[in-house]
K.L.:
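Attaching a single structure in structure tokens format; questions to follow.
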Amino acid sequence: MDTPEERRETGKWLIGIVACCCLIYLGMRYFTEIVSVFSLLLDLVRPILIGMILALILNVPMNMFERLLRKKTSMKKGVRVLSIILALVLIAAIIVAVAVLVIPKLVSAIGLLVQIISGGLDGLEAMDENPVFQENPLGKLLADVDWSSLKTQLEKLLKANSNDIVDSAVSATGSIVGGIVNFVVALVFAIYILAGKEKLKCQTGRLVRAWLPDKIGEPLIHVCHVCSSTFQHFIGG
């Protein structure tokens, strides 16, 4: 440390070491509070993240409709808006079609499961009274089981926990409403991204090149471009 430059560099190194040690200590000391803050920030930016994912998904059918409209029609204005609307209609139609196919089957499966359980208990109770069944080893093993009492206890258990079931349903309804609100905000953000994606892409590229070194920024831009292109070809295929 004979020169001022060496002393200056050594001082910066020592300050960096002390700052890292202080940050590590504060992170370990207030770990719970830091996690709570990060969780709160994640809840705040969650609609934006969902909107970016929706924009990435909707961009695939939107590009398809945009190419078709520019190729098959003479429209010059409103192509992007109409393409976004058609992409939303297509995604909504797919979701509705899946729901129409899945939800009735799910309801019938739940009803069939309840029917099987109730009928199975009645059947076991009837078989328990059958002399032929009682002579079998399995019948002797199940002879001491009071199936009628088991069914009654099951019904009482369901009635006793009905309030908890209602509370859980109300809580689930609140979560669903919150999810719907977040989805609407995310959808608005996704539409905003799709409407001006070229401008946003250019601004993001300038921001990355301005704040990151070339050896980091350029590979990052290339990786994002490759990921986007691969995803579009995957969905299109």
Side-chain angles (χ1 to χ4, degrees), residues 15-63 80 83-85 87-92 94-96 98-99 102-103 106 164-236:
I15 292 174
I17 294 296
V18 172
C20 289
C21 293
C22 292
L23 290 176
I24 292 173
Y25 169 76
L26 292 174
M28 296 178 63
R29 176 67 176 79
Y30 300 101
F31 179 77
T32 304
E33 289 78 3
I34 293 173
V35 171
S36 300
V37 172
F38 274 105
S39 178
L40 179 61
L41 293 176
L42 181 61
D43 291 336
L44 292 176
V45 302
R46 185 175 299 168
I48 298 177
L49 297 177
I50 297 175
M52 295 173 66
I53 296 173
L54 288 176
L56 184 63
I57 296 173
L58 291 172
N59 186 52
V60 178
M62 189 198 72
N63 286 338
R80 175 64 55 83
S83 300
I84 293 174
I85 294 174
L88 291 173
V89 171
L90 177 61
I91 298 298
I94 293 174
I95 294 174
V96 170
V98 173
V102 172
I103 291 179
L106 180 62
D164 295 337
I165 295 174
V166 172
D167 293 338
S168 300
V170 172
S171 178
T173 302
S175 301
I176 291 173
V177 171
I180 291 174
V181 173
N182 289 333
F183 178 77
V184 171
V185 175
L187 184 61
V188 172
F189 188 73
I191 293 174
Y192 171 77
I193 293 176
L194 293 174
K197 63 176 184 177
E198 290 83 6
K199 184 177 180 180
L200 290 174
K201 180 180 178 180
C202 181
Q203 292 176 347
T204 304
R206 291 180 179 178
L207 186 65
V208 170
R209 292 186 176 94
W211 287 95
L212 294 178
D214 292 339
K215 62 181 180 180
I216 299 177
E218 293 300 330
L220 180 62
I221 294 174
H222 177 70
V223 168
C224 293
H225 175 73
V226 171
C227 291
S228 177
S229 177
T230 304
F231 177 77
Q232 292 185 19
H233 284 89
F234 173 75
I235 297 297

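Just so we're clear, the structure is a prediction, and the values are computed from it rather than from any experiment.
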K.L.:
Which heavy atom of Ala190 sits nearest a heavy atom of Ala55, and at what distance?
P.N.:
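Reported closest heavy-atom pair: CB-N, 3.7 Å.
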
K.L.:
Is Leu54 close to Ile91 at the side-chain level, that is, under 4.5 Å between some pair of heavy atoms?
P.N.:
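When only atoms from C-beta onward are counted, Leu54 and Ile91 do not touch, as no gap falls below 4.5 Å.
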
K.L.:
For the side chain of Ser39 and the backbone of Val35, is there at least one donor-acceptor N/O pair under 3.5 Å apart?
P.N.:
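Pair absent, no side-chain N/O of Ser39 close to backbone of Val35.
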
K.L.:
For Arg80 and Ala195, work out which heavy atoms get closest and say how close.
P.N.:
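Smallest interatomic distance, heavy atoms only, reads NH1-O, 3.5 Å.
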
K.L.:
For Leu200 and Ile193, which heavy atoms make the closest approach, and how far apart are they?
P.N.:
CD1-CA, 3.7 Å

K.L.:
With a 4.5 Å cut-off on side-chain heavy atoms, are Leu194 and Asn59 touching?
P.N.:
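Contact flag for Asn59/Leu194 side chains = yes.
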
K.L.:
What's the shortest heavy-atom distance between Leu58 and Leu187, and which atoms?
P.N.:
CD1-CD1, 4.3 Å

K.L.:
Any heavy-atom pair between the side chains of Ile50 and Phe189 that's under 4.5 Å?
P.N.:
no

K.L.:
Taking Thr230 for the side chain and Val226 for the main chain, is one N or O donor matched with an acceptor at less than 3.5 Å?
P.N.:
yes

K.L.:
Quick one, Glu218 and His222 - any side-chain contact, counting heavy atoms below 4.5 Å?
P.N.:
no

K.L.:
Please answer whether the main-chain N or O of Cys224 pairs with a side-chain N or O of Ser228 as donor and acceptor at a distance below 3.5 Å.
P.N.:
no

K.L.:
Which distance, rounded to the nearest 0.5 Å, do you find between the CD1 of Ile17 and the CD1 of Ile15?
P.N.:
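Here the interatomic distance stands at 11.5 Å.
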
K.L.:
Shortest non-hydrogen contact from Ile34 to Leu26?
P.N.:
CD1-O, 4.1 Å

K.L.:
What heavy-atom pair brings Ala186 and Pro47 nearest, and what distance separates the two atoms?
P.N.:
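In terms of heavy atoms, the two residues are closest at CB-O, 3.2 Å.
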
K.L.:
Could you grab the distance from atom CD1 of Ile221 to atom NZ of Lys201, nearest 0.5 Å is fine?
P.N.:
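Going from CD1 on Ile221 over to NZ on Lys201, the span is 10.0 Å.
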
